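Quick caveat, the model's predicted, so the values are computed rather than measured.
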Amino acid sequence: MFEDEHSGHGVPETLPEMGYRLHWLGLVVLGVVGGGGLAGWSLGTMAVMSLVGFALLIANRETFAGSMKALWWRLAGWLLPVWVALGAFFIGLAFPAFRVVTVGSTRYWELAPHPGTWAPLDAPIKIGGLDVLLSVGLFSATLSAMLLCKSRLVFARAWATLAFCAGVGALLGIVESVTQASAVLWAIPIGNPLFFSTFAHPAQWCAFALLWMSACLGVIAWLARQRGWRLLTGEGWALLLTLGLLGASIMLAGDPLHRMLALLVAAIGCLVIAWQSRIERLRAKHSSLGVSVLGWALIGLLLFACAALLAVRHPVAEWINYGGAGLALHERVIEDTQTLWRERPWFGWGAGTFRIAYSFVQGADQTPLFFAYARSDLWQSLAEHGLIGTLAWCVPAGWVLARLIWQRRLATFLIAPLAGLGAIALLTIVDFPLASPVVFFSFWLMLLSLGRWSEVDKENTTSAPSEKRRVEKLRAEGKTLPPKPAATA
């Protein structure tokens with residue numbers, strides 16, 4: 001699937017890179033089958049399987065483009081959130097936040113004596129341990145994309161394959177919605193009647209679909225840069241079909257904010273594809289405008305107009321429905337979560353403790369639906385991990401973005417995926433997409449892949465003028481680049 005035709009012969013995908021790609025696919029498939037990774041049986045399975053990714057990274061460390069000393073230093077830096085999360089967890093084992101009290105036959109939680117606000121706390125290891133293992137494992141499984149991948153093909157093929165996987169989930173959800181199914185696959189009962197596909201929470205499905213829809217747009221834009229108006233081969237049509245399924249699923253399952261964000265990301269992607277097609281036409285010495293360029297640009301402008309129309313038709317208070325709970329109740333949950341954070345601002349109450357800690361402040365008018373999630377990833381992270389734990393997770397993301405800005409390396413075709421990641425970052429403030437392990441993994445995989453893809457895109461570019469002229473001549477004739485001749489002794 002796909003060949004690197006853009007500039008010279010590039011760097012072919014290696015066997016280790018194929019291994020990373022298959023491992024990423026296995027995690028996403030497991031997450032989708034397991035209801036976004038939240039099914040009881042899939043949580044531990046994903047946590048253990050994610051550690052295989054870190055083992056693959058260590059096993060293939062010799063492929064790093066530099067000295068081993070440089071690799072270990074870089075790896076140690078990228079693992080900053082892992083060090084903070086594990087350190088807080090193990091120190092917190094000495095300072096339990098809660099303890100179980102039994103009165104007669106009734107068991108309930110009560111606050112345990114603990115030191116001041118400076119020390120990390122923990123829930124019992126069975127509650128917080130899996131939470132920590134899952135987050136650090138999934139994050140570590142994505143580091144091979146940043147540290148060891150050298151080929152553009154591994155990213156194009158990985159993104160396309162994972163988008164196809166998401167497209168299958170979207171097709172299932174659409175069919176379930178049309179047939180008004182009351183259970184997943186018409187046979188597996190689920191607690192939330194608003195489920196979509198295999199996801200119990202439609203908001204988490206929309207975040208997952210939005211991520212891979214933006215990745216789909218990125219790969220199509222990459223093909224446009226490779227092939228121009230000839231991008232609609234078998235691979236191009238498959239990506240377009242996947243893009244349509246993911247977009248349709250968001251329109252069906254999402255609240256107005258999800259739909260607006262999806263329309264905006266799709267509009268940006270279409271305009272980027274139009275621009276890449278125009279550049280390709282100029283390289284092939286055709287007119288700068290053509291049916292493909294004008295068509296993509298027109299679709300992009302139309303999608304922008306649809307997003308604006310949605311924003312006008314829905315007041316801000318209606319942008320997210322919060323599962324039918326209403327904005328007023330959601331605001332009270334956030335206020336209570338903020339109260340929890342202010343009591344322990346530095347390290348929070350410990351991983352996985354929100355549902356316990358919240359029971360000490362929740363109002364009598366609130367339903368058990370809110371005991372598990374604060375309906376805001378940002379505020380729940382602050383309540384559980386504090387300011388230090390939350391900022392530790394922001395450092396890798398900020399470093400990727402800072403490198404792209406400072407080195408001016410963001411490839412044009414990656415603008416839509418970056419917009420998709422920005423949309424998820426916005427949703428974490430007002431919703432809880434990253435509470436789904438498969439969304440959490442997809443976010444980090446896309447972000448680190450995006451940062452590395454921009455780097456290898458420049459590193460793989462042919463710089464010899466004679467080779468560039470030969471490539472442009474072949475492409476102008478509509479030919480695919482021949483295999484690079486093997487070196488002779």
Side-chain angles (χ1 to χ4, degrees), residues 4 8-24 27 47-91 132-155 157-158 385 388-411 414 440-441 443-463 487:
D4 196 346
H9 298 280
V11 177
E13 183 185 36
T14 63
L15 189 61
E17 288 173 338
M18 185 183 297
Y20 307 144
R21 183 158 56 89
L22 292 175
H23 180 250
W24 299 335
L27 281 172
V48 173
M49 186 175 175
S50 66
L51 297 178
V52 175
F54 190 71
L56 285 173
L57 188 154
I58 300 300
N60 294 289
R61 61 190 180 278
E62 299 297 332
T63 63
F64 177 68
S67 66
M68 285 299 99
K69 183 178 179 180
L71 172 62
W72 297 129
W73 276 111
R74 291 190 65 183
L75 181 59
W78 283 107
L79 287 173
L80 173 65
V82 174
W83 305 134
V84 173
L86 290 177
F89 176 73
F90 285 115
I91 293 173
V132 172
L133 179 63
L134 192 59
S135 60
V136 302
L138 291 175
F139 175 74
S140 300
T142 67
L143 291 179
S144 54
M146 174 57 75
L147 295 174
L148 300 185
C149 289
K150 304 174 186 176
S151 169
R152 294 179 291 205
L153 287 178
V154 65
F155 298 121
R157 291 170 177 173
H385 308 289
I388 293 176
T390 301
L391 287 178
W393 285 102
C394 296
V395 169
W399 180 247
V400 171
L401 297 177
R403 288 176 65 183
L404 292 176
I405 294 170
W406 180 256
Q407 299 175 0
R408 299 179 182 177
R409 277 187 165 176
L410 179 64
L414 292 174
F440 177 86
F441 173 74
F443 178 87
W444 282 108
L445 178 62
M446 275 191 60
L447 179 61
L448 298 187
S449 297
L450 183 148
R452 183 60 180 150
W453 197 350
S454 282
E455 291 180 358
V456 299
D457 189 68
K458 290 188 178 291
E459 293 169 3
N460 291 182
T461 299
T462 301
S463 57

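Between the CD atom in E13 and the CG atom in L15 there is a gap of 9.0 Å [rounded to 0.5 Å]. With rounding to the nearest 0.5 angstrom, the OG atom of S449 is 5.0 Å from the CH2 atom of W24. Once rounded to the nearest 0.5 Å, the distance linking CG of L56 with CG of L148 reads 10.0 Å. In this structure, L57 CG and H23 NE2 are separated by 11.0 Å, a value rounded to the nearest 0.5 Å. A distance of 10.0 Å separates CE of M146 from CH2 of W444, quoted to the nearest 0.5 Å.
In this structure, G137 and L51 approach most closely via the heavy-atom pair CA-CD2, 4.1 Å. Here the closest heavy-atom approach between residue L27 and residue M49 is recorded as N-CE, 3.7 Å. Minimum interatomic distance between L134 and A47 (heavy atoms only, all atoms of both residues): CD1-N, 3.5 Å. Of all non-hydrogen atoms in L80 and A392, the two that sit nearest each other are CD2-O, 4.5 Å.
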Test F441 against S50 for side-chain contact (heavy atoms from CB on, under 4.5 Å), laying out the working first.
CA-CA 9 Å; F441 173 74; S50 66; over 6 Å; no

Chi angles and distances behind the side-chain contact (heavy atoms from CB on, under 4.5 Å) call for V154, Y20:
CA-CA 9 Å; V154 65; Y20 307 144; 5.5 Å; no

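Judged by distance alone, with hydrogens and angles left aside, the side-chain atoms of S454 form no donor-acceptor pair with the main-chain N or O of G451 at under 3.5 Å. Under the 3.5 Å distance criterion, the side-chain polar atoms of R452 are matched with a main-chain donor or acceptor of C149. Judged by distance alone, with hydrogens and angles left aside, the side-chain atoms of E17 form a donor-acceptor pair with the main-chain N or O of K150 at under 3.5 Å.
When the salt bridge (charged side-chain N to carboxylate O under 4.0 Å, His left out) test is applied to R403, the partners found at least two apart in sequence or on another chain are E455.
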Anything under 3.5 Å between a donor and an acceptor, one on a side chain of residues 63-79, the other on a protein residue two or more places apart or in another chain? List them.
unit_1: T63; atom_1: OG1; unit_2: N60; atom_2: O; d: 2.7
unit_1: S67; atom_1: OG; unit_2: A70; atom_2: N; d: 3.2

Pairs of donor and acceptor atoms involving the side chains of residues 138-145, under 3.5 Å and at least two apart or interchain, shall be tabulated with distances.
unit_1: S140; atom_1: OG; unit_2: V136; atom_2: O; d: 2.7
unit_1: T142; atom_1: OG1; unit_2: F139; atom_2: O; d: 2.7

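In this structure, the side chains of L404 and L450 come closer than 4.5 Å at one or more pairs of heavy atoms.
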